Every structure is written in structure tokens, then in C-alpha cells.
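To start, the structure itself, in C-alpha cells.
Each chain gets a letter, A, B and so on, in the order its sequence line appears, and its residues count up from 1. As the structure is a prediction and not an experimental result, all values here were calculated from the model.
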2 protein chains.
Amino acid sequence: MPQLAPVLRALANDKRLLILEWLKHPRTHFPPQVDGDLVRDGVCNVFIANKLGVSQPTASEHLNVLARAGLLRPKRIKQWTFYKRDEARIAQIKREIARWI
Amino acid sequence: MPQLAPVLRALANDKRLLILEWLKHPRTHFPPQVDGDLVRDGVCNVFIANKLGVSQPTASEHLNVLARAGLLRPKRIKQWTFYKRDEARIAQIKREIARWI
DNA sequence: GTGGCATATAGCCATATTGCTATTTTGCCA
DNA sequence: TGGCAAAATAGCAATATGGCTATATGCCAC
């Protein structure tokens, strides 16, 4: 069990699963951004907070949980933080889940 | 997201992952039982509590969480409850995780 | 430098999780 | 029937989680 439980804990939340789902296809779920490309750089906090229907700090915390688990990568540009899926890590986690469950 | 979060929450615990792992090969992890076959019927609560190093009620609760999530099936024989993996359901959950994460 | 915007952090509350001990329930069997 | 053994439930404590508001930080534009 290579530290699988913490990753599963990060995944075990409806809102965080939604975020991961939306970030699969950012352009179909979020409006264009000025200072960062939705696909190349990721999606900013406020868009996600609005779409989730929670406050900005709450969304920030969810994004942090996903980032700490390695599922998302943050990229700071100017005053924004853009989040995108780390597909390589996610694929690895899928393999580990399939292997250990 | 077909109610994936509750299943992931059931999985997001080291002790419960250990239980699932041990139940893959009950005969290599547990001594023989008199009233139920380790493979056909499952493994009883006390064996699992002992091996986990927790009290009987704590193990009972972990087993219940896994059973409620559909990962284990309980079988009552005499005064024992034997637990075994529900492989069909686990395979389905693996597919859903791979599909939605 | 000041003001303003996007994020992050701090502090707080309500609820959930994980563990325990004590008790109750269930089912054998002498 | 009474007593024993396994399991489940109840009740309790400690900690974690998920949400909020308020505040701090970082970064531009002026």
C-alpha cells in the first residue's frame, strides 16, 4: 500500500471529484481567461469557486487538497493561480488503485 | 459521478485497505476456521481484529463500512459473521474509478 | 507608495471519523 | 434453561473535515 489512503481521502469528496471532472475539458466548462490559457496553464480559483457554489477560501482549500495529493499542479501567473490536472500522476494513481484494491 | 465519493471514503483508510488486501488470499493470512471455510465463507471478525491490532468493536465497524460500500459481503453462520470480498462489485468500482477520476 | 484585485491563511463552528469500554443481542450447547 | 462466545450497538473522547467570515499576502496599475 504505497501511501494510497491519503490520495483516496483527497478523492473522497463530491466537490473535488467535480473539479477533477471539469478540468478534463476546461474550455467546455469555463470562460476564457486573459492572463493564462485554460488548457495550457489551467483554471483559476474564482471560476472554480463560482461554479462549485462555495466561497473563494473553500475552493482554495479543495484545490490545495488535490494539489497536495499530486492530482493537480498549480501555476502562479501574476496574481492568479491556475490549476490543471497532472495527467501522468493521475494515470499512475489509477494503476495503483487498480493494483491494491 | 455515480455516487463514487462514499465508496472512496470507505477505501480511504489504511486499516480498511489492509483488510481488503488480506482478504485477497485468506489462507495465507489467517488460520483455519471450524465453522466456515476461509475462502468460501470468508474470515471472521476476531481474526481480523487481532491481526489489525484493534478491539473487536473497532474491527466490526471497519468491516461494516466496507460492507455498506459493497466491497465486502457478510455471511452469518452460527454465532460468527464471516466477511469476504465481493469481487464483482470491486471490479465494477475499479472501472468506475478509472472512468471518473 | 496607494489602491485594488486574486489568493492564501487564520480562526471559528458543525459534523464526521476513528478509536475505546461497556453493554446488548444472538445463537450454541451442556 | 443457563451460561458462554461472537458480534453488534451505545456512549464517549480525540481528531479530521468542510464550510464560513475576516484578515493577510502578492502583484499589478496608477
For residues 12-23 of chain B, dump all side-chain donor-acceptor pairs below 3.5 Å to protein atoms at least two apart in sequence or in another chain.
from	atom 1	to	atom 2	distance (Å)
B/Asn13	OD1	B/Lys15	N	2.9
B/Asn13	OD1	B/Arg16	N	3.1
B/Arg16	NE	B/Ala10	O	2.6
B/Arg16	NH1	B/His62	ND1	3.1
B/Arg16	NH2	B/Arg9	O	3.4
B/Glu21	OE1	B/Lys24	NZ	3.1

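- Residue pairs meeting the side-chain hydrogen bond (donor to acceptor under 3.5 Å, both in side chains) criterion with at least one member in residues 30-39 of chain A, sequence neighbours excluded, are A/Arg27-A/Asp37, A/Asp35-A/Lys78.
- A residue-by-residue look at A/Arg9 and A/Gln56 shows that A/Gln56 has its nearest nucleotide of DNA chain C further toward the 5' end.
- Side-chain contact between A/Ile97 and A/Leu8 is present, with at least one heavy-atom pair separated by less than 4.5 Å.
- In this structure, A/Leu72 places its CG atom 16 Å from C1' of C/dA8, rounding to the nearest Å.
- At a threshold of 4.0 angstrom between heavy atoms, the contacts of B/Phe82 with the nucleic acid are absent.
- Here the side chains of B/Phe30 and B/Val43 are in contact, with some heavy-atom distance below 4.5 Å.
- Rounded to a whole Å, the CH2 atom of A/Trp80 is 13 Å from the P atom of C/dA8.
- Grouping Ile, Leu, Val, Met, Phe, Trp and Tyr residues whose side-chain heavy atoms lie under 4.5 Å apart, directly or via other members, places A/Trp80 in a hydrophobic cluster with A/Ile77, A/Phe82.
- Applying the salt bridge (Lys or Arg N to Asp or Glu O under 4.0 Å) rule to A/Lys51 yields no partners; only residues at least two apart in sequence or on another chain are considered.
- With respect to A/Arg73 and A/Glu87, no salt bridge is recorded, no charged nitrogen being found less than 4.0 Å from a carboxylate O.
- Annotation: side-chain hydrogen bond (donor to acceptor under 3.5 Å, both in side chains) contacts of A/Thr81 (sequence neighbours excluded): A/Arg76.
- For A/Asn64 and C/dT9, the CG to C1' distance is 10 Å, given to the nearest whole Å.
- Taking 4.5 Å as the limit, some side-chain heavy atom of B/Leu72 sits within range of a side-chain heavy atom of B/Arg85.
- Using a 4.0 Å heavy-atom criterion, one finds that A/Thr81 contacts the sugar-phosphate atoms exclusively.
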When you check every protein heavy atom under 4.0 Å of nucleotides 24-30 of chain C, what one-letter string (B, S, -) results, 5' to 3'? ---SSS-
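- Annotation: proximity of residues 36-54 of chain A to DNA chain C (heavy atom, distance under 4.0 Å) is found for A/Cys44, A/Asn45, A/Val46, numbered in ascending order.
- Along DNA chain D, read 5' to 3', the first and last nucleotides having any atom under 4.0 Å from a heavy atom of chain A are D/dT17 to D/dC28.
- Note on A/Tyr83: a side-chain N or O is less than 4.0 Å away from OP1 or OP2 of C/dA8.
- For the pair B/Lys94 and A/Ile101, the minimum side-chain heavy-atom distance is below 4.5 Å.
- The stretch residues 12-24 of chain A touches DNA chain D through A/Asn13, A/Lys15, A/Arg16, each having a heavy atom under 4.0 angstrom from the strand.
- Evaluation of the side-chain hydrogen bond (donor to acceptor under 3.5 Å, both in side chains) rule for B/Lys75 yields B/Asp41 as partners, not counting sequence neighbours.
- B/Gln79 pairs by the side chain to side chain contact (heavy atoms under 4.5 Å, CB included) definition with nothing, not counting sequence neighbours.
- By the salt bridge (Lys or Arg N to Asp or Glu O under 4.0 Å) test, B/Asp86 pairs with no residue at all, sequence neighbours left out.
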